[in-house]
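Let me begin by presenting the structure, written as C-alpha cells, before commenting on it.
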Amino acid sequence: MKRQPSSSPRSTKRRTVSIIGTGSYVPEKILTNEDLSHMVDTSDEWITTRTGIKQRRIAAKDENTSDMATRAALNAIEQAKISPKEINLILVATATPDMLFPATACFVQKKIGATNAACLDVSAACAGFLFAVEIAQQFITSHTYDTVLVIGADKLTSITNWTDRNTCVLFGDGAGAAILKHRGGSHGVISTHIGSDGRYSDILFMPGGGSRCPITRDNVDLNLQTIHMNGKEVYKQAVTAMLSAAKKALEQAGLSIHDIACVIPHQANLRIIEAIADRLGIPLEKFYVNLDRYGNTSAAAVAIALDEANRSGRIKAGDYILMVVFGGGLTWAGTVIEW
Ligand code: UT7
C-alpha cells in the first residue's frame with residue numbers, strides 16, 4: 001500500500017502545486033574525454049574513473065544561456081499545453097546569465113512571447129533550479145500567481161578555464177524547464193528544504209566580472225573571469241549537504257527514502273551520487289544519472305534529468321520522487337514531489 005505523507009502543515013494545508021510540463025535542451029556539439037586529452041594533460045581513464053563523465057555538450061559561440069533556456073521552455077510549454085500568455089512569472093536559475101543585467105528571464109520572456117509575466121533570475125549556482133521551484137511554489141500557494149515557468153540554464157563553458165585540468169573536464173552546457181501550476185488533487189510538490197552556508201563561498205566561485213573585480217585587462221590576465229574551485233573540499237561538502245537536504249525534505253514530507261521511486265540528484269560526479277546512495281542505504285539504480293552524457297551543467301543538470309526521466313517513463317503518475325542538489329555558495333536543496 002502506498003504511504004500517505006504526514007499531516008504536517010507543509011504537506012496538507014497548502015494549495016497543491018503540480019509540475020504540468022517539462023522540457024530540456026542541450027547543444028549539438030559534443031566534446032569527448034578523448035578530445036580533452038588533446039587540450040590538457042588528462043585522459044579518458046582519469047575522467048571516467050574520477051567523475052563518471054564521458055562527454056559533454058558545448059554551446060555555439062552565438063548560442064546564449066537565454067537561447068538554451070528558451071528551447072527548454074518551449075518544450076515544457078508544449079507538454080503543458082498552455083499558452084505563453086498564461087505564464088505569470090518566469091524564473092531563470094543561472095550562474096551564467098547572458099548579461100549581469102537585465103535578467104536572462106527577460107530575454108526568455110521576449111523570445112517566447114510571455115507578455116503577462118514578471119521576470120527575474122535566481123542566483124544559487126548549481127542548486128538554483130530547486131531554489132526557483134521553491135520560490136514558484138511560494139507564489140502559487142500564496143495565491144499570488146497560478147502559472148510559473150521555472151528554468152535552470154547554464155553555459156558554464158563560457159566561464160571555464162580551458163587550461164585548468166582540475167575544472168575544465170567537469171562542465172557542459174544545457175537547459176531544463178518546468179511549468180508549475182496550481183491544480184486540484186493530490187499530485188504535486190510535497191516538501192522543499194533549501195539552505196546555504198556563506199562560510200564556504202571561497203571554495204567554488206568566479207571572482208571576476210562583478211563589482212569586486214570588474215572586467216579589466218589585468219583581471220582577465222589573471223583568469224578571474226573563470227571558475228575557481230577547491231575540488232576536494234567541494235566534494236566533501238556536497239555529500240554532507242545533499243544527504244542532509246534529502247533527509248530534511250523526506251522528513252517534511254513524512255516519507256521514508258524507501259517510499260521514493262526515483263532520486264534525481266545534481267549531476268556533478270558519479271562518486272558523489274554513489275556515496276549518497278550508500279549513506280541513504282538504497283541501490284544506485286534508484287538514481288537517475290545522465291552525467292556520463294552531459295557532464296555538470298550546473299543549474300540545468302537536475303532540470304534536464306527531470307525532463308528525461310519524465311519523457312522516458314522512468315517516473316510515472318503517483319510516484320514519489322526526490323530531487324537533491326548542491327552548488328557554490330554553498331547552496332543546497334531537496335524536494336519531494338508526488339508525480
Ligand atoms: O557543481 C559543483 C561543481 N564541483 C564539483 O562537484 C566538484 C567536486 N569534486 C570532485 O568532483 C573531485 O574532487 C574532482 C573530480 C574535481 C577531483 O577528483 P579527486 O579524486 O578529488 O582528485 P584530486 O583533486 O585529489 O586530484 C588527484 C590527482 C592530482 O594529482 P597529484 O597531485 O596526486 O599528482 C591532480 O593534479 O589528479 C590530478 N588531476 C588530474 N589528472 C588527470 C586533477 N585533475 C586531473 C585531470 N586529469 N583532469
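We count residues from 1, following the sequence as given. Heavy atoms only: backbone and side chains are in, while hydrogens, waters and symmetry mates are out. Everything quoted here is computed from the prediction, not taken from an experiment. Note that ligands are numbered from 1 as they come in the structure, with each ligand's atoms numbered from 1 the same way.
- Using a 4.5 Å cut-off on side-chain heavy atoms (C-beta onward), Leu180 and Ile140 make contact.
- Inclusion of Gly231 in the set of residues having an N or O under 3.5 Å from an N or O of ligand 1 is warranted.
- Protein heavy atoms are absent from the 4.0 Å sphere centred on atom 31 (P) of ligand 1.
- Checking Arg56, Glu45, Lys54 one by one against Asn33, the side-chain hydrogen bond (donor to acceptor under 3.5 Å, both in side chains) holds for a single residue, Arg56.
- Of the heavy atoms in Thr42, both backbone and side-chain atoms come closer than 4.0 Å to ligand 1.
- Side-chain atoms of Ser191 come within 3.5 Å of backbone N or O of Ala249 as a donor-acceptor pair.
- Counting only non-hydrogen atoms, the option in Lys232, Glu233, Arg165 that gets closest to atom 25 (O) of ligand 1 is Lys232.
- Between Val324 and Met242, the shortest heavy-atom distance links the atoms CG2-O, 3.2 Å.
- Side-chain contact of Asp173 with Thr157: a donor-acceptor pair under 3.5 Å is present, judged by distance alone.
- When all heavy atoms are compared, the tightest approach of Leu322 to Ile260 is N-CG2, 3.8 Å.
- Ligand 1 is never approached by Ile47 to a heavy-atom distance shorter than 4.0 Å.
- Of the protein's non-hydrogen atoms, Arg50 NH1, 3.4 Å is the one closest to atom 22 (O) of ligand 1.
- Ion pairing between a basic and an acidic side chain is recognised when a charged N comes within 4.0 Å of a carboxylate O; Asp307 and Arg311 show such pairing.
- Heavy atoms from both the backbone and the side chain of Tyr235 come within less than 4.0 Å of ligand 1.
- Protein heavy atom nearest atom 4 (N) of ligand 1, with residue, atom name and distance: Met229 SD, 3.3 Å.
- At a 4.0 Å heavy-atom cut-off, ligand 1 touches Leu204 through the side chain alone.
- For atom 6 (O) of ligand 1, the closest non-hydrogen atom on the protein side is Ala268 CB, 3.3 Å.
- Shortest contact from atom 44 (N) of ligand 1 to any protein heavy atom: Trp46 CH2, 3.3 Å.
- Heavy-atom distances between Asp41 and ligand 1 reach below 4.0 Å in at least one pair.
- For ligand 1, one of its N or O atoms has an N or O atom of His266 under 3.5 Å away.
- For atom 34 (O) of ligand 1, no protein non-hydrogen atom is found at a distance below 4.0 Å.
- Within the 4.5 Å cutoff, side-chain heavy atoms of Gln267 are placed close to those of Val289.
- Protein heavy atom closest to atom 43 (C) of ligand 1, with residue, atom name and distance, is Asn166 OD1, 3.2 Å.
- Ring pair Phe326/His266 is perpendicular by interplanar angle, where above 60° counts as perpendicular and below 30° as parallel.
- One finds a salt bridge joining Glu308 and Arg293 here, because a Lys/Arg side-chain nitrogen approaches an Asp/Glu carboxylate oxygen to under 4.0 Å.
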